[in-house]
Amino acid sequence: MVSFALTRADRAILKEAKAQADLASRHAREFEHDEDRMLPHAFPEAEGRPDTRAMLAHLEPETSGAKILTALLYLEDWRGGVPLREARYSLGNTALRIAGAPEQYERWRNRTIAIGLTESVGGSDPASTRTTATWDAAAGEWVIEGEKIFITYAESCDAVLVLARLVHPERRGLSAFMVEKGTPGLSVGRQFRKMGIRFEDTAPLAFSACRVPAFNHIDGDLKSMLRSFSESRPVVAAYALGVTRAALDFTWGRLAEIGIAPDYDQGPTETTAAADRLMSLEAEWEATWTVVLQAKWIEQNEGPGKIDSSMAKAMGGGLARRVTQTCIDVLGVCGLSDAYPIEKAFRDARIFDIYEGTGEVQRLIIAREILGYSPKELN
Ligand SMILES: Cc1cc2nc3c(=O)[nH]c(=O)nc-3n(C[C@H](O)[C@H](O)[C@H](O)COP(=O)(O)OP(=O)(O)OC[C@H]3O[C@@H](n4cnc5c(N)ncnc54)[C@H](O)[C@@H]3O)c2cc1C
């Protein structure tokens with residue numbers, strides 16, 4: 001039977017994560033005007049406090065499971081606005097684990113691996129990839145040429161897993177390659193000046209006569225590599241749950257000062273419009289929480305499910321937009337001031353409906369899965 005009741009160990013880990021998110025929140029705005037500044041490994045307040053990921057590793061058999069708890073830890077990190085201790089969710093590592101050969105995974109498993117899919121021609125459709133990998137038989141090397149944009153951890157990663165079109169006498173199609181930092185021909189552009197999540201390292205990468213050995217070719221099929229999104233999309237939805245939890249709590253707090261509180265026993269004619277709007281969003285928040293936990297529960301017990309993962313991501317992205325927009329409506333002009341955390345939440349939250357697949361693309365994936373259409377038939 002599926003039960004999302006938290007165990008005693010879950011509660012202990014999450015209690016510590018909540019305390020750490022509250023401490024981190026005082027640093028949340030430090031990166032707003034200095035995007036070149038990298039997130040520290042840990043803020044000073046982390047000193048003497050347990051690492052919640054280490055707690056999870058230690059207590060795992062007593063928890064609801066690492067997949068579920070990890071998503072809930074990210075929820076708390078994002079509730080704080082920045083993580084107190086850096087805990088990267090790097091899609092490149094997941095993709096390498098899924099699509100790489102055991103010896104390739106072993107070689108890079110402890111490194112931070114960025115993922116390089118998006119190009120200026122459009123990120124939603126991998127088929128539009130222009131970056132090429134040309135086989136040089138004499139040298140036994142691949143030569144990568146092209147550009148990727150909006151790459152998370154572009155500057156701070158150890159390597160990037162890059163998608164490229166094969167130029168080879170016997171092979172065609174798309175494939176992935178590991179390119180380590182410091183490889184001649186790989187360069188990192190300047191940090192993007194983003195609307196939100198400015199504490200996260202995001203920059204373009206350029207590949208010019210960039211040579212990698214045959215070993216670096218991740219020769220699994222593209223479908224299996226893209227399966228890594230099924231693990232990461234509910235995590236992005238957990239980010240959305242964290243940012244929206246903070247926004248809702250803050251807004252309820254301001255409303256409490258003028259005597260407005262949620263009352264779920266009252267009908268809409270007996271409550272204020274502000275409370276009614278926020279209570280509807282609370283219901284949506286809980287529904288999204290349940291879908292995220294379900295996606296992670298399925299992943300934990302049966303392996304990642306494409307449809308559940310896309311549902312979680314689509315719901316999280318929509319929730320993030322609606323909650324932060326409504327909090328600004330309810331708070332009035334103060335909601336736009338940087339004295340309140342809501343305008344930052346609004347800017348951060350918009351991105352959850354874009355990266356790792358936009359809301360529109362999630363809805364397409366769900367429709368294809370339900371109706372049994374291929375990407376060619378429904379696009
Ligand atoms: C902060 C941040 C970090 C990122 N990190 C990474 C990273 O680490 N690695 C990486 O590779 N990329 C990364 N991205 C890029 C991100 O994955 C893409 O922005 C995203 O996939 C959308 O691609 P696009 O922006 O090129 O939009 P496009 O694909 O050009 O789409 C434009 C619009 O058209 C819509 N659309 C596209 N196709 C369809 C369709 N078939 N039906 C209906 N609507 C459609 C989209 O929903 C969107 O609204 C990051 C982006 C951001 C903002």
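Note that ligands are numbered from 1 as they come in the structure, with each ligand's atoms numbered from 1 the same way.
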For the CD atom on E47, are there more than 12 heavy atoms of other groups (residues, nucleotides or ligands in this structure) within a distance under 6.0 Å?
no
Does CZ belonging to R363 count more than 12 external heavy atoms closer than 6.0 Å?
yes
Quick one: table the atom pairs, ligand 1 N or O against protein N or O, below 3.5 Å, distance rounded to 0.1 Å.
| residue | atom | partner | partner atom | Å |
| --- | --- | --- | --- | --- |
| ligand 1 | 5 (N) | F150 | O | 2.8 |
| ligand 1 | 5 (N) | T152 | OG1 | 2.8 |
| ligand 1 | 8 (O) | T152 | N | 2.9 |
| ligand 1 | 8 (O) | T152 | OG1 | 3.3 |
| ligand 1 | 9 (N) | I115 | O | 2.8 |
| ligand 1 | 11 (O) | L117 | N | 2.8 |
| ligand 1 | 11 (O) | T118 | N | 2.9 |
| ligand 1 | 11 (O) | T118 | OG1 | 3.1 |
| ligand 1 | 12 (N) | T118 | OG1 | 2.6 |
| ligand 1 | 14 (N) | F150 | O | 3.2 |
| ligand 1 | 23 (O) | G123 | N | 3.3 |
| ligand 1 | 26 (O) | G123 | N | 2.5 |
| ligand 1 | 29 (O) | G123 | N | 3.3 |
| ligand 1 | 29 (O) | S124 | N | 2.9 |
| ligand 1 | 29 (O) | S124 | OG | 2.6 |
| ligand 1 | 47 (O) | T358 | OG1 | 2.6 |
| ligand 1 | 47 (O) | E360 | OE1 | 2.7 |

Which pairs of donor and acceptor atoms, one on a side chain in residues 106-114, lie under 3.5 Å apart (sequence neighbours left out)?
| residue | atom | partner | partner atom | Å |
| --- | --- | --- | --- | --- |
| W108 | NE1 | E180 | OE2 | 2.7 |
| T112 | OG1 | R88 | NH1 | 3.3 |

Expected output: side-chain T7 to main-chain E62 donor-acceptor under 3.5 Å
yes
Would you mind writing out the side-chain donor-acceptor pairs for residues 327-343 within the sub-3.5 Å range, not counting sequence neighbours?
| residue | atom | partner | partner atom | Å |
| --- | --- | --- | --- | --- |
| D329 | OD2 | R277 | NH2 | 2.7 |
| S337 | OG | A339 | N | 2.9 |
| E343 | OE1 | R347 | NE | 3.0 |
| E343 | OE1 | R347 | NH2 | 3.4 |
| E343 | OE2 | R29 | NH1 | 2.8 |
| E343 | OE2 | R29 | NH2 | 2.8 |
| E343 | OE2 | R347 | NH2 | 3.3 |

With sequence neighbours excluded, give me every salt bridge (Lys or Arg N to Asp or Glu O under 4.0 Å) pair touching residues 236-250.
R245-D249, R245-E282
